[in-house]
Amino acid sequence: MKAYLYNLFETTSNALTYLKDSPLTFEAPKIESHGDLSTNVALLLSKSLKRNPREVANEIIAALPIDESIISKIELAGPGFINFFFSPAFISSKIKTIFELGDNYGKSKKYAGKKANVEFVSANPTGPLTVGHGRNAVFGDTIASLLEWVGYEVDREYYFNNAGRQMRVLGDSVRLRYLQILGDEIDFPEDHYQGEYIKDIAQQLFNEHKDTLRNEPAEGLFKAAAESEIFNDIKKTLSRLKIEHKIFFNENSLYEEGKIKQLLDTFKEKNLSYEKENATWLKLSEMGNEQDKVIVKSTGEPTYRLPDIAYHSVKLNRGYDLLVDIFGSDHNATYPDVMVALKNLGYNTDRVKVLIHQFVTILDNGEVVKMSTRKANYVTLDELTDEVGSDVVRYFFNMRNITTHMNFDLALAKKQSDENPVFYLQYAHARICSILRMIESESLKPSFENLDLLVMPEEQLLIKKLSKFEEEVLNSAEQFESQRITNYLEDLATAFHKFYTFCRIMGTEKKLAEARIALALAAKIVIKNGLSILGVSAPDKM
RNA sequence: GCGCCCGUAGCUCAAUGGAUAGAGCAUCAGCCUUCUAAGCUGGUGGUUAGUGGUUCGAGUCCACUCGGGCGUACCA
């Protein structure tokens, strides 16, 4: 519909020259009586033309060549909006397109041939994924999927660090639990990992090696066993949510391949770093940020900033057109340093999109649960998935803008899982499948011959909603906002349920019945495609 | 103190700078001898935290105030 109007205005701009290079856009008004599409172009032009906006709008309307079989009504409204109403037959013809495209309906080729990388989760293997990680994981995977829908070839990537202080403490935590199993009197330190999973790993080591590890160093087998066990669990947790990373990038490889040293040399060459008090500092203040930061500590160990910068330069060198980072808000102070450093190294950071999500506040029976992996007072993502299922977890984290500080009441989530909006969508899909089972026995089939019979308001609204899917996907992808899809699908499901209630198939004259079946099938396609972007299943029966 | 994010119905949240701020949950009243009632119809519920500004038009942009979250490490 939009494309049609753009063409129409293009043609008309020969007569009305001020339409050339005008800020022309069309939007679907919130209120149905304001038409199918509306433009505010007359309002925007009135200033530069120094004319009354309604007068300008009238002139435009008069100049537009209207084909009444396509546009049934055009009107001037309010302060100068031009509202367009499309004919039912034109609207209904969309059903056939949806049917022909099937699983591909909603995909676009706008970014075909481009490559993107989405880095998400990236939790170090020190403990199970928490509900907090769930938001990052689900959102990141959905963004990746949205990018695929608009044409990108996408790599999903997980960045991790299995060296450093955290991991040493982890290894030592396992070692101490192991010694406890051997019967040693151990005062388990408060700054070690308190979780039960540490005991499990220790127990497993004992089962395999008995007491032969008594003198094993923490950084040896203990750390290795912990890392591999925990990583396996993380991958299992993610796979339950249908999340699979193509690339697992180990921070350590940056050292092994000399990237860190290379980067340090480059900073030095470009005079972007200096030595002070035995540490190496990055001249961030000269690059435009607030203050200089340490990149190599006086102990000789780099801070996280250095590998972060190196990692991003490695990814940029791989030739992606778009790099997406999904971070929690605790990283909001670090990425500007990385960005500005990359820029000073000569990289085009426009290719990098950093998406910061706010934290999830977990409430249990109204009480805030403070999350800490080390202190082991967290709710794991697995526990949540056990309680409500993968579909609800995925839908829930996708249905809210990441800028919002989410409150998640566990007790409520468990209790109300039956009333979650995801079931509303799945129910719509299941109902359509039920229609399909029914028509077989009635020897009815979908038909596109008489789509112009679909003139009921419920039918027209549903078709219009279906028509907007491709645009919604594109908007969601370009704005990196998954909640647009869930909002859209809920609206769509509402439109379908109303259609289902008021436009029956059984007991209707055959031509109309078969047109309605075609419409129901089109709705099925869109619901299924939309849910598949979100990674939510579309059941045939409920 | 400074930086980033947030503040919308009782609760959880929507709303490309557009016309009358919307859903779900909760609550109240209706609808199942016909394709799934996990549904549909209607009602109650708002000074969009506050004050000023920009604009033909502000929940949305700007400034300030109040309130909350996260940062502000030679931790990641």
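Quick note on labels: first sequence line is chain A, next is B, and so on, each numbered from 1. All figures in this text were calculated on a predicted structure; none of them were measured in a lab.
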Base of [N] paired with side chain of [X] (donor-acceptor, under 3.5 Å):
| X | N | value |
| --- | --- | --- |
| A:Gln483 | B:C13 | no |
| A:Tyr304 | B:A76 | yes |
| A:Thr303 | B:A76 | no |
| A:Asn40 | B:A19 | no |
| A:His405 | B:C5 | yes |

- Whether A:His331 stacks on the six-membered ring of B:G71 base, 5.5 Å and 30° limits: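 It does not: the two rings, one from A:His331 and one from B:G71, miss the stacking criterion.
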**Asked** B:G39 base stacked by A:Tyr500? Criteria: ring centres under 5.5 Å, plane angle under 30°.
**Response**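 It does not: the two rings, one from A:Tyr500 and one from B:G39, miss the stacking criterion.
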Quiz prompt | A:Asn162 side chain vs A:Met167 backbone, donor-acceptor pair below 3.5 Å | solution =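 Flag not set: sc A:Asn162 to bb A:Met167 has no pair under 3.5 Å.
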Looking at A:Gly78, is its backbone amide N or carbonyl O close enough to the side chain of A:Arg54 to form a donor-acceptor pair, meaning the two atoms are under 3.5 Å apart?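 Yes, because the side chain of A:Arg54 sits within donor-acceptor range (under 3.5 Å) of the backbone of A:Gly78.
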Go nucleotide by nucleotide along RNA chain B from the 5' end; which of A:Arg305 and A:Glu27 gets its closest nucleotide reached first?
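Per heavy-atom nearest nucleotide, the more 5' residue is A:Glu27.
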Which residue, A:Arg165 or A:Phe502, contacts RNA chain B at a nucleotide closer to its 5' end, judged by nearest heavy atom?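 The answer here is A:Phe502.
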message = Please verify the inter-ring angle class for A:His357 with A:Phe359; under 30° counts as parallel, over 60° as perpendicular, anything in between as tilted.
response =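 A:His357 and A:Phe359: perpendicular rings.
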Over 60° means perpendicular and under 30° means parallel, so classify the ring planes of A:Phe231 and A:Tyr158, tilted if in between.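 Because their plane-to-plane angle lies in the 30° to 60° range, the rings of A:Tyr158 and A:Phe231 count as tilted.
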Tell me what [X] touches on the nucleic acid: a base, only sugar-phosphate, or nothing, going by heavy atoms under 4.0 Å.
| X | value |
| --- | --- |
| A:Asn289 | nothing |
| A:Ala77 | base |
| A:Thr334 | base |
| A:Ser46 | nothing |
| A:Ile517 | nothing |
| A:Ser298 | base |
| A:Asn124 | sugar-phosphate |
| A:Asn401 | sugar-phosphate |
| A:Asp540 | base |
| A:Asp308 | nothing |

Any idea which of [options] is nearest the [X] side chain?
| X | options | result |
| --- | --- | --- |
| A:Asn407 | B:G3, B:A19, B:C13 | B:C13 |
| A:His497 | B:A19, B:C40, B:U34 | B:C40 |
| A:Arg504 | B:A76, B:G69, B:C35 | B:C35 |

Using a cut-off of strictly less than 4.0 Å, decide whether [X] has a side-chain nitrogen or oxygen near OP1 or OP2 of [N].
| X | N | answer |
| --- | --- | --- |
| A:Tyr424 | B:C40 | yes |
| A:Arg484 | B:U16 | yes |
| A:Lys297 | B:C75 | yes |
| A:Lys47 | B:C56 | yes |
| A:Lys30 | B:A19 | yes |

Which nucleotide, if any, forms a Watson-Crick or G-U wobble pair with [N], using both distances under 3.5 Å?
| N | answer |
| --- | --- |
| B:U20 | none |
| B:U60 | none |
| B:G71 | B:C2 |

[N] to [M] separation - [atom1] atoms, rounded to the nearest Å:
| N | M | atom1 | answer |
| --- | --- | --- | --- |
| B:A21 | B:U54 | P | 24 Å |
| B:G71 | B:G10 | C1' | 33 Å |
| B:G3 | B:C62 | P | 14 Å |
| B:U65 | B:G18 | P | 28 Å |
| B:G67 | B:A26 | P | 35 Å |
| B:A19 | B:G50 | C1' | 27 Å |
| B:G45 | B:G24 | C1' | 14 Å |
| B:U8 | B:G68 | C1' | 16 Å |

Could you state the atom-to-atom distance from [atom1] of [X] to [atom2] of [N] in whole Å?
| X | N | atom1 | atom2 | value |
| --- | --- | --- | --- | --- |
| A:Glu32 | B:A19 | CD | P | 16 Å |
| A:Glu490 | B:A15 | CD | C1' | 13 Å |
| A:Tyr311 | B:A76 | OH | C1' | 15 Å |
| A:Asn252 | B:A76 | CG | P | 14 Å |
| A:Ile527 | B:G39 | CD1 | C1' | 13 Å |
| A:Asn475 | B:A14 | CG | P | 17 Å |
| A:Phe327 | B:C70 | CZ | C1' | 15 Å |
| A:Gln479 | B:U60 | CD | C1' | 13 Å |

- Message: For A:Lys468, I'd like to know if atom NZ has over 12 heavy atoms of other residues, nucleotides or ligands within 6.0 Å.
- Response: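 Yes - once you tally the heavy atoms of other residues, nucleotides and ligands closer than 6.0 Å, there are more than 12.
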What do you reckon, is CD of A:Glu275 surrounded by more than 12 foreign heavy atoms closer than 6.0 Å?
->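 Enclosed: over 12 neighbouring heavy atoms sit under 6.0 Å from CD of A:Glu275.
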Syn-anti status, with the boundary at 90° from 0, for the nucleotide B:C32: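 Base orientation: syn.
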Self-check item: Aromatic centroids of A:His245 and A:Phe120 separated by under 6.0 Å
Solution: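 They qualify: ring centres under 6.0 Å apart.
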For A:Phe84 and A:Tyr4, I'd like to know if the aromatic rings sit close, meaning centre-to-centre distance below 6.0 Å.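 No.
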Hey, mind stepping through A:Ile435 and A:Lys524 against side chain to side chain contact (heavy atoms under 4.5 Å, CB included) and telling me if it holds?
CA-CA 11 Å; A:Ile435 291 175; A:Lys524 177 181 188 290; over 6 Å; no
